[in-house]
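What follows is a set of notes on a single structure, which appears directly below.
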There are 2 protein chains.
Amino acid sequence: MKRVTIHDVARKAGVSVTTVSRVLNDRGYISNEMKEKVLNTIEELNYIPNEMARSFFSNQSKFIALIVPTTENPFFGELTFHVEKALAKFGYHLFICNSLNDSENEEKYLRLLNEKRVDGIIVGSHNVDISEYKNYEDQIVSIERKLTKNIPMVQSDDYNGGRLATQELITQGCTNILCVTGDKNVETPANDRSIGYVDEIEKNNYRKNFIEIPFQIDLDEKLKIIKETFQGDFKYDGVFAGDDVNAKLFLNVAKEMGYDVPKDVKVIGFDGTQSIRYLVPELSTVVQPIENLAYEAVTTLLDLLKGKKVKNEVILPVELYLSETTQGSKK
Amino acid sequence: MKRVTIHDVARKAGVSVTTVSRVLNDRGYISNEMKEKVLNTIEELNYIPNEMARSFFSNQSKFIALIVPTTENPFFGELTFHVEKALAKFGYHLFICNSLNDSENEEKYLRLLNEKRVDGIIVGSHNVDISEYKNYEDQIVSIERKLTKNIPMVQSDDYNGGRLATQELITQGCTNILCVTGDKNVETPANDRSIGYVDEIEKNNYRKNFIEIPFQIDLDEKLKIIKETFQGDFKYDGVFAGDDVNAKLFLNVAKEMGYDVPKDVKVIGFDGTQSIRYLVPELSTVVQPIENLAYEAVTTLLDLLKGKKVKNEVILPVELYLSETTQGSKK
DNA sequence: TTTCATATGTCAACCGGATGACATAAATTT
DNA sequence: AAATTTATGTCATCCGGTTGACATATGAAA
């Protein structure tokens, strides 16, 4: 079935294609009557401009790619939502790429994005050899991930979040605090969370304790790692987990082992997604400003595409959300 | 900065564009030496075909839109992930649309998708006047939502899920079972969950009880509705919630009110997302085959686009996941 | 009266690649 | 030797809309 084109509209309205194009793009001189006549014809024929043709001509796809490990993860699911919303506001559309943190996938996507001529890329994933990104420096912004010196990054104030969380545990009387981190070998601003922890611990002359729970291992393995922390003779009375999922896993294990939270051990997480607040409202956590991260990433990227100077780093404040796992049941 | 085109490649290689195009598309006669020469030149110049031009010419964008309420919701976040994965397998890309269940948004998206010439649409949202979809009947598949007689739908076996859940509660000794539903006025296969519940309850001559928790209201209002169920003199000893979030909210309220789950009241949910299994592993639930739903929706849509005959309805089996909220702590 | 802003039209070129038509040779079969 | 297959080239056209150049005709301002 043939689509209605601008030529059909011109013929039907008895004007030239140029005139129709002028109406559509509000260019040059057009009288009101002419404008109306053309618009009526457009409506009559139900003409819908072919954006593919426009994109092709203008060399702008109006697509922005978002590369995340997976939208399965609530944090990235929420990020995706807010990025899409922000993009829509500025007339851009979202092309979503799930890298699964696999560098091969990520490379394939970069190639694909190049073919598809996406206008820009927002990276929230963690893998490809950074050098790959060098070819795209003028059209990339990253979220919580330092790619190259020149690629702007938007992040939460991870360091301060780590400090706030640790401070809170100390305020609540904890003296033996465990820090649960994700993959330590991946260099990400999320590591600043641990640094915040370390600084607070040192300030109080407490002992530093770490366990690492890699992102990609099985649930059972994760649980095993957590269980081991209950085995030694050294008892923790506070836990700062670098993300909420690990925090919740810790809660589950603690409960199973017969420990009472927050009496025996207090727990605080990091991320504070909607999902967590709905599903695990009892968990105290450091809330990342996901919506703002998305908005800043989008506006920074669009500015960058326009050739404007943009900040190399945007750091957004986090907020402490205190609930039962640090404070006792609030009846 | 000018991009390398097929003409540049042809010139550099000393052949005609037609020949280059033949190599790229594997058409007509090409000797191996020629093929190699062209491919080498392509590599040398780092030529990357402009998919916008191809799409424009072939009139195929290779984009499939997925309309969901919001990827913030874990169910849709996971669905998005699996849809993207399935599409990628067949060379298609995902254009994500968050409708927020708002019909105005949805209409805007439909218009936009028309302009962008997406090849097909997968609908997982619930709003626009169905008539709007009539114009797209030959390029739409829906997930868990009956749109028109002619639009194929892929769904979980909601009815059976409702029966299984209710049966399980009855098996565990419950006699006064409450059914928590989402919006009842929205016509969706998810309503079959309640029908499954009703049929099992009637079979056993128990009393039917319903509360409705609209999707879009505030958390506090939801909690209020749930709290009220504890107020009357009629006590429930079992709860079947139409989705896991409501099930968890119920658990939270029950705990706050001093009830013991599963001793005083047993609870079973619906959806069984990854998130829930990680964050609320204690919740018994009916697991939807999200990955299969996505895969079936994608393959059905692609078949439809190819003009093949497709099934009008695909119903995929659900699975019961039993945990502590129906069975007592499994130490 | 002359200039100028307004209003429209025609025409052609362009964006980058795909494709069909047609010509020409060499290599391979019949 | 004739017919066919294989291998390349040239050329023009198309996809649908945008844009610049240029012509023409008003009506208004200088």
Side-chain angles (χ1 to χ4, degrees), chain A residues 1-42 45-63 91 112-119, chain B residues 1-42 45-63 91 112-119:
Chain A
M1 39 126 214
K2 212 73 197 59
R3 289 273 202 162
V4 179
T5 74
I6 199 172
H7 295 91
D8 300 325
V9 175
R11 199 175 318 122
K12 176 95 179 188
V15 302
S16 72
V17 284
T18 307
T19 305
V20 179
S21 179
R22 277 179 189 145
V23 171
L24 285 171
N25 298 290
D26 216 16
R27 274 181 60 248
Y29 296 115
I30 287 288
S31 67
N32 285 331
E33 304 95 68
M34 179 56 77
K35 196 179 254 177
E36 212 170 315
K37 187 164 82 173
V38 170
L39 290 176
N40 284 338
T41 311
I42 284 176
L45 296 179
N46 190 27
Y47 165 69
I48 292 176
N50 185 337
E51 274 296 326
M52 289 206 297
R54 288 224 254 240
S55 291
F56 170 50
F57 180 83
S58 68
N59 213 19
Q60 289 203 329
S61 66
K62 291 287 176 183
F63 271 106
L112 173 65
L113 296 176
N114 212 338
E115 291 178 349
K116 279 286 181 187
R117 306 294 202 253
V118 301
D119 296 338
Chain B
M1 40 129 209
K2 212 75 198 59
R3 289 271 202 163
V4 179
T5 74
I6 198 172
H7 295 91
D8 301 324
V9 175
R11 198 176 318 120
K12 176 96 177 187
V15 301
S16 72
V17 283
T18 306
T19 305
V20 178
S21 181
R22 276 176 189 148
V23 171
L24 285 170
N25 298 287
D26 216 16
R27 273 180 61 248
Y29 296 114
I30 287 288
S31 67
N32 284 332
E33 302 95 70
M34 178 57 78
K35 195 180 257 177
E36 212 170 316
K37 187 165 82 176
V38 171
L39 290 176
N40 283 338
T41 311
I42 284 176
L45 295 179
N46 190 26
Y47 164 70
I48 292 176
N50 185 337
E51 274 297 325
M52 289 207 297
R54 289 224 253 241
S55 290
F56 171 50
F57 180 81
S58 69
N59 213 20
Q60 288 204 328
S61 66
K62 291 285 175 185
F63 271 107
L112 173 66
L113 296 176
N114 211 339
E115 290 178 349
K116 279 285 181 187
R117 305 293 201 255
V118 300
D119 295 338

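We name chains A, B, ... by the order of the sequence lines, and we start the count at 1 in each one. For the numbers below, each heavy atom of this structure counts, side chains included, while hydrogens, waters and symmetry mates do not.
The distance from atom NZ of A/Lys62 to atom C1' of D/dG17 is 16 Å, rounded to the nearest whole Å. If you measure from atom CG of B/Asp8 to atom C1' of C/dC15, you get 13 Å, rounded to the nearest angstrom. As a whole-Å value, the separation of A/Leu45 CG from D/dG17 P is 12 Å. Whole-Å rounding puts the B/Glu33 CD to C/dA26 P distance at 16 Å. Rounded to whole Å, atom C1' of C/dG16 lies 15 Å from atom CG of A/Asn114. We find that CZ of A/Arg11 is positioned 13 Å from P of C/dT10, with the value rounded to whole Å. Following rounding to the nearest Å, A/Gln60 (CD) and D/dT18 (C1') show an atom-to-atom distance of 13 Å. In this structure, B/Ile6 atom CD1 and C/dT19 atom C1' are separated by 11 Å, rounded to whole Å.
With DNA chain C read from its 5' end, the first of the two nearest nucleotides for A/Ile30 and B/Phe56 is the one closest to A/Ile30. In terms of position on DNA chain D, the residue among B/Val20 and B/Phe57 whose nearest nucleotide sits closer to the 5' end is B/Val20. Take the nearest nucleotide of DNA chain D for B/Met34 and for A/Ile48: the residue whose nucleotide is more 5' is B/Met34.
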Q: Kindly determine whether B/Val17 and B/Thr5 satisfy side chain to side chain contact (heavy atoms under 4.5 Å, CB included), including the steps that lead there.
A: CA-CA 10 Å; B/Val17 283; B/Thr5 74; over 6 Å; no

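Residues that satisfy the ring-ring contact (aromatic ring centres under 6.0 Å, His included) test with B/Phe56, not counting sequence neighbours, are A/Phe56.
The phosphate of C/dC4 has neither OP1 nor OP2 within less than 4.0 Å of any side-chain N or O from A/Tyr29. For C/dA18, one of the phosphate oxygens OP1 or OP2 lies less than 4.0 angstrom from a side-chain nitrogen or oxygen of B/Arg54. For C/dA18, the OP1/OP2 oxygens have a side-chain nitrogen or oxygen of B/Asn25 closer than 4.0 Å.
Between B/Val38 and B/Thr41 there is no side-chain heavy-atom pair separated by less than 4.5 Å. Between A/Val20 and A/Val15, some side-chain heavy-atom pair lies under the 4.5 Å cut-off. At a threshold of 4.5 Å between non-hydrogen side-chain atoms, the residues A/Val9 and A/Val4 count as touching.
Residue A/Met52 is out of contact with every strand shown, counting any heavy-atom pair closer than 4.0 Å. Backbone-only contact: B/Ser31 has heavy atoms under 4.0 Å from sugar-phosphate atoms and none from a base. The residue B/Val17 sits apart from the nucleic acid: no heavy atom pair falls under 4.0 Å. Within the nucleic acid shown, B/Asn59 has no heavy atom closer than 4.0 Å to any nucleic acid atom.
Listed nucleotides C/dG17, D/dG17, C/dG9 differ in distance to A/Thr19; the shortest reach to its side chain belongs to C/dG9. Here D/dT18 is the nucleotide among C/dT8, D/dT18, C/dG17 with the atom lying nearest to any side-chain atom of A/Leu24. When distances are taken from the side chain of B/Thr18 to each of D/dG17, D/dC11, C/dG17, the shortest belongs to D/dC11. Counting only heavy atoms from C-beta on, B/Arg27 has its side chain closest to C/dG20 among C/dG20, D/dG17, D/dG16. For B/Thr5, taking side-chain heavy atoms from C-beta onward, the closest of the listed nucleotides D/dT19, C/dT8, C/dG17 is C/dG17.
Residue pairs meeting the side-chain hydrogen bond (donor to acceptor under 3.5 Å, both in side chains) criterion with at least one partner in residues 22-39 of chain A, sequence neighbours excluded, are A/Ser21-A/Asn25.
Taking 3.5 Å as the limit, the base of D/dG9 and the side chain of B/Arg22 contain a donor-acceptor pair of atoms between them.
Rounded to 10 degrees, the angle between the two end axes of the helix from C/dT1-D/dA30 to C/dT30-D/dA1 is 30°, with five pairs used at each end.
Closest non-hydrogen pair, B/Gly91 versus B/Lys62, comes out as O-CD, 3.7 Å. Taking every heavy atom of both residues into account, B/Arg3 and A/Asn114 meet most closely at NH1-OD1, 2.9 Å. Considering every non-hydrogen atom in both A/Lys116 and B/Ser55, the closest pair reads NZ-OG, 3.9 Å.
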